[in-house]
Amino acid sequence: MKFFLSIIILSFSFCTNFIPSNNKEINYSHVFFSWPQIPNSDSYFLFLSEDENFIQADTSYVSSNSILYPTLLSWDTRYFWKVCNQSNIEDCLPSKEFFINPLPNYHADQITINTINEQEYTNGINILDFESLGYSLAINKYGEPIWFTRKENFNMDQIIVTQFLENGNFIGFSNGRGYEFNIDSEILFEIPNEYSIHHEIRKTNNDTYFFIDAEIEYHPCPIECDDNFSYFPVPWQGDRFIEINSSGEIVWDWNTFEEISLNEYNPLYAQIYNGVLDLDWTHSNSVFYDENTESVYVSIRNLSRISSIDYLSKDINWSIGESDFMENPSFQNEINFSQQHSAQLTDNGNLIFFDNARFQEPEHSRCVEVGFHDNEPILIWEHVLPDSMFTGSRGECDRLNSGNSLISAGRSGNVVEVNLDNEIVWHLNVKQSGYSVTIYRTQRVPDLHPNSFSFTLENLIGNHENYIMNNNGILNGRIHNSGWGIEDFRYRISNDIGTEITSGILSLDPETNDFQINLLDLNMIDNTYYTLSISPINNELNSNELIIYFQDYILGDINNDLEVNIFDIIDLNNLILTDSEFFVWHDLNHDLNLDILDIIILLNIILIDNN
């Protein structure tokens, strides 16, 4: 009687792509490391060195097969790294290397932290753009750069980041082009060239993109125009707020020419119209969709107006701002702001934005929070910036999770964080050759790696190139999540031609992050390759993949001739005497060794088979 057993042969397709992959060049100094699982290892030593022989190396104890390195590494430096089994220092994976590029020659030459209150600074790093230098970057609270964009990858060698996503990607625009790109500045999605984006692009939780596109129509010049322009129509520049999906198809749009009367204009821009440039009617600078109110919020700078638009009907819910530029004002209280930027909502539903206060008396830029009471807007909070931080354009206000507010003061080159008492707890100032650097957007996030994770499986034998486990129909594993932007994980099993067999959301134990995948009901065929992919649900491109191969074998058939006899004893004995590498099916008592006990078991199998 022959005893048939089943095994699974596995290999991780990312094993050849250690993170960072071998010889990779990177533009960041805060590094996430991940490596293939070493069987029978619950913890590891990570060795990191500038010397390929590891004569001097920093050693980290790691309880999983990944780590977000706790300290910043050095720019313009080549690093070598390897990982070893903590319980067997000789059991190591092949060493790898990577290179951190030098800071670019266009990097700002003066980044100064004028104020820092360590206790009140809201934890995290700052992702911001140096618009006047044409690139975006991330700095820590001490002003140390930890990431920068390769601006040469984008249109006309410029990129302005407007949003950092929980999937680890960035949203930004460059001279009319809009992008989603990764930490390596590799473009993942580009807005179709038929649009000319200005000021804003944002991605929604529905995987769609909102942006502002300039619209031109010819209409009579207002009465404030010079008489020379009163005889023929002139080009008015309005805006179109557009939402597209990942296929580039329009999902939603709203055109100012269709929704706002031409009688609602700022006379200043009619007075200064000279016939060379378009009449700058609306000059919008922000748009975002809010799921809770099912509304789109837009900031229309030249009308000093913020509007809430019902997403389904496209009707204006309300507009707040300069009533002189409105035919039918929504409110009596104007809040008295001018040329504002970056309208957002706080977690409690209040409106927060940067009031440039241009053309006001006096011109004091400020961060403003507005609520609503008895159907009228009321000023909840403000932080007025000093004269030295006045900015006629640009600017942003963000409410941080600590309750503090992060304020970018546009063309002044300043960013400040203020607490609930309006005290400055952090102050960044940036200059290039003695001149202020324009800062368009700033975002505070925990780190650069919100989507970082790895996973391990139980009962693996073998090495990182070919793992083996007994097939009991269940894959048991554990997710090791280093990211702050991952809520759930998705798994997918496909056959050797890419056809999906099954998929679903991994059910994780809330305390251990353990999971099980049942293979019993999938009718998976022996001697066929399958691929198991595990990825965060918000970034399926960030996938760890496992190649699965089912193979049946006859217990005791050492030489694979489909018989169990004396020749198998001879072959097994030779494996023991020569201390050769062996497969899992050679180890008959599963003690991870080949010895006389395995020969005794094999002899009993032959005796039983012959009876």
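These numbers come from the heavy atoms of this one structure, side chains and all, not from hydrogens, waters or symmetry mates. Numbers for residues simply follow the sequence, beginning at 1.
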request  = Flag the pair Arg177 and Glu190 as a salt bridge only when some basic side-chain nitrogen lies within less than 4.0 angstrom of an acidic carboxylate oxygen.
outcome  = yes
inquiry  = Quick check: do Asn101 and Ile26 have side-chain heavy atoms less than 4.5 Å from each other?
reply    = no
request  = For Ser34 and Ser66, test the side chains for any donor-to-acceptor distance below 3.5 angstrom and give the result as yes or no.
outcome  = no
request  = Say whether, by atom type as modelled, one donor and one acceptor occur between the side chain of Asn117 and the main chain of Tyr121 under 3.5 angstrom.
outcome  = no
request  = Evaluate the criterion side-chain contact (heavy atoms from CB on, under 4.5 Å) for residue pair Ile474 and Ile517; output intermediate values, then yes/no.
outcome  = CA-CA 6 Å; Ile474 300 291; Ile517 298 177; over 6 Å; no
ask   = Cut-off 3.5 Å, side chains only: do Asp207 and Ser246 have a donor facing an acceptor?
value = no
ask   = Any donor and acceptor pair, going by atom type alone, linking the side chain of Tyr44 with main-chain N or O of Ile38 inside 3.5 Å?
value = yes
task = Taking the side chain as every heavy atom from C-beta outward, state whether Gln110 and Val430 have any atom pair closer than 4.5 Å.
result = no
inquiry  = Looking at Glu291, I'd like to know if its CD atom is crowded, meaning that more than 12 non-hydrogen atoms belonging to other residues, nucleotides or ligands lie closer than 6.0 Å.
reply    = yes
inquiry  = Can you classify the ring geometry of Phe32 versus His449 as parallel (below 30°), tilted (30 to 60°) or perpendicular (above 60°)?
reply    = tilted
key: Donor-acceptor contact below 3.5 Å, side chain Asn153 vs main chain Ile187   = no
request  = For salt bridge (charged side-chain N to carboxylate O under 4.0 Å, His left out), just list the numbers for Arg492 and Glu500, CA-CA rounded to whole Å, side-chain angles, deciding distance to a tenth of an Å, and then say yes or no.
outcome  = CA-CA 7 Å; Arg492 178 178 183 268; Glu500 182 176 296; 3.0 Å; yes
ask   = Given the rule in the side chain to side chain donor-acceptor pair (under 3.5 Å) test, do Arg441 and Thr162 qualify, once you have shown the distances and angles that lead to the verdict?
value = CA-CA 6 Å; Arg441 296 275 196 261; Thr162 57; 5.9 Å; no
query = Judged by modelled atom types alone, do Asn538 and Asn451 share a side-chain donor-acceptor pair under 3.5 Å?
reply = yes
query = In terms of side-chain heavy atoms, does Asn429 have a donor or acceptor partner in Lys431 at a distance below 3.5 Å?
reply = yes
request  = Give the ring-plane orientation class for Trp147 versus Phe181, where under 30° counts as parallel, over 60° as perpendicular and anything between as tilted.
outcome  = parallel
inquiry  = I'd like to check Val425 versus Val418 (side-chain heavy atoms, cut-off strictly below 4.5 Å). Are they in contact?
reply    = no
Asp514 bridged to Arg478 by N-O distance under 4.0 Å = yes
request  = Examine the side chains of Asn85 and Ser87 and answer whether a donor and an acceptor come within less than 3.5 Å of each other.
outcome  = yes
query = Looking only at side chains, do Asp398 and Gln344 share a donor and an acceptor under 3.5 Å apart?
reply = yes
key: Side chain proximity check, Leu93 to Pro36, heavy atoms < 4.5 angstrom   = yes
Salt bridge Lys203-Glu166, side-chain N to carboxylate O under 4.0 Å = no
ask   = Do side-chain atoms of Thr578 reach the backbone of Asn574 as a donor and acceptor pair under 3.5 angstrom?
value = yes
ask   = Do Thr112 side-chain atoms and Asn114 backbone N/O form a donor-acceptor pair below 3.5 Å?
value = no
request  = Dump the intermediate steps for side-chain contact (heavy atoms from CB on, under 4.5 Å) on Asp488 and Leu508, then the final yes or no.
outcome  = CA-CA 9 Å; Asp488 291 297; Leu508 299 179; over 6 Å; no
Pair Asp447-His30, side-chain donor/acceptor within less than 3.5 Å = no
key: side-chain contact (heavy atoms from CB on, under 4.5 Å) between Ser95 and Phe54, worked out   = CA-CA 10 Å; Ser95 63; Phe54 296 92; 3.9 Å; yes
request  = Quick one: do Glu180 and Tyr209 satisfy side chain to side chain donor-acceptor pair (under 3.5 Å)? Show the steps, please.
outcome  = CA-CA 10 Å; Glu180 179 173 352; Tyr209 301 85; 2.5 Å; yes
request  = Kindly assign one of parallel, tilted or perpendicular to the pair Tyr289 and Phe210, based on the angle between their ring planes and the thresholds 30° and 60°.
outcome  = parallel
inquiry  = Ring centres under 6.0 Å, that's the criterion: do Phe18 and Trp35 meet it?
reply    = no
message = Does Phe173 form a ring pair (Phe, Tyr, Trp, His ring centres under 6.0 Å) with Phe211? I'd like the steps, not just the answer.
response = CA-CA 10 Å; Phe173 69 95; Phe211 56 89; over 10 Å; no
key: Asp184/Arg150 salt bridge by N-O under 4.0 Å criterion   = no
message = Between the side chains of Arg444 and Glu417, is the shortest nitrogen-to-carboxylate-oxygen separation below 4.0 Å, so that they form an ion pair?
response = yes
message = For a 4.5 angstrom cut-off between non-hydrogen side-chain atoms, does His107 reach Pro145?
response = yes
inquiry  = Could you check whether Glu396 and Thr442, counting side-chain N and O atoms only, form a donor-acceptor pair closer than 3.5 Å?
reply    = no
message = Going by disulfide bond (SG atoms under 2.5 Å apart), name the pairs with one or both residues in residues 82-115, residues two or more places apart or in two chains.
response = Cys84-Cys92
ask   = When you measure from the centre of the six-membered ring of Phe80, is the NZ or CZ of Lys96 under 6.0 Å away and within 45° of the axis?
value = no
ask   = Ring centroid separation for Phe130 and Tyr135, is it under 6.0 angstrom?
value = yes
ask   = Can you tell if the side chain of Gln86 reaches within under 4.5 Å of the side chain of Tyr61, non-hydrogen atoms only?
value = yes
query = Should the pair Glu118-Lys141 be classified as a salt bridge under the 4.0 Å nitrogen-to-oxygen rule?
reply = yes
inquiry  = Please verify the inter-ring angle class for Phe33 with Tyr69; under 30° counts as parallel, over 60° as perpendicular, anything in between as tilted.
reply    = perpendicular
key: Heavy-atom neighbours of Asp42 CG exceed 12 at 6.0 Å   = no
inquiry  = Keeping Ser41 on the side-chain end and Pro39 on the backbone end, is there a donor-acceptor pair under 3.5 Å?
reply    = no
query = Are His427 and Asn414 close enough, and set up right, to give a side-chain contact (heavy atoms from CB on, under 4.5 Å), and what steps lead you there?
reply = CA-CA 7 Å; His427 179 190; Asn414 292 286; 2.8 Å; yes
inquiry  = As a quick check of understanding, evaluate side chain to side chain donor-acceptor pair (under 3.5 Å) for Gln37 and Asn65, giving each step before the final call.
reply    = CA-CA 6 Å; Gln37 180 179 352; Asn65 63 332; 5.8 Å; no
query = Taking the six-membered ring for Trp, are the ring centroids of Phe515 and Phe489 within less than 6.0 Å of each other?
reply = no
ask   = When you measure from the side chain of Asp509 to the backbone N and O of Asn513, does any donor-acceptor pair fall under 3.5 Å?
value = no
No-hydrogen, no-angle side-chain donor-acceptor test under 3.5 Å, Asp129 and Ser136 = no
message = For Asp347, is the CG atom crowded, meaning more than 12 foreign heavy atoms sit under 6.0 Å from it?
response = no
task = Determine whether more than 12 heavy atoms belonging to other residues, nucleotides or ligands lie under 6.0 Å from atom CZ of Phe99.
result = yes
query = Quick check: does any side chain N or O of Ser174 sit under 3.5 Å from a backbone N or O of Asn155, one acting as donor and the other as acceptor?
reply = yes
ask   = Are Asp51 and Gln56 linked by a side-chain donor-acceptor pair shorter than 3.5 Å?
value = no
query = Is a side-chain N or O of Asp595 found less than 3.5 angstrom from the main chain of Leu597, in a donor-acceptor match?
reply = yes
task = Decide yes or no for Asp568 and Leu602: does some side-chain heavy atom of the first lie under 4.5 Å from some side-chain heavy atom of the second?
result = yes
ask   = Hey, are the side chains of Trp81 and Glu97 touching, using non-hydrogen atoms and a 4.5 Å cut-off?
value = no
message = Using side chain to side chain donor-acceptor pair (under 3.5 Å), reason through Ser535 and Ser543 one step at a time and then give a plain yes or no.
response = CA-CA 4 Å; Ser535 64; Ser543 174; 5.0 Å; no
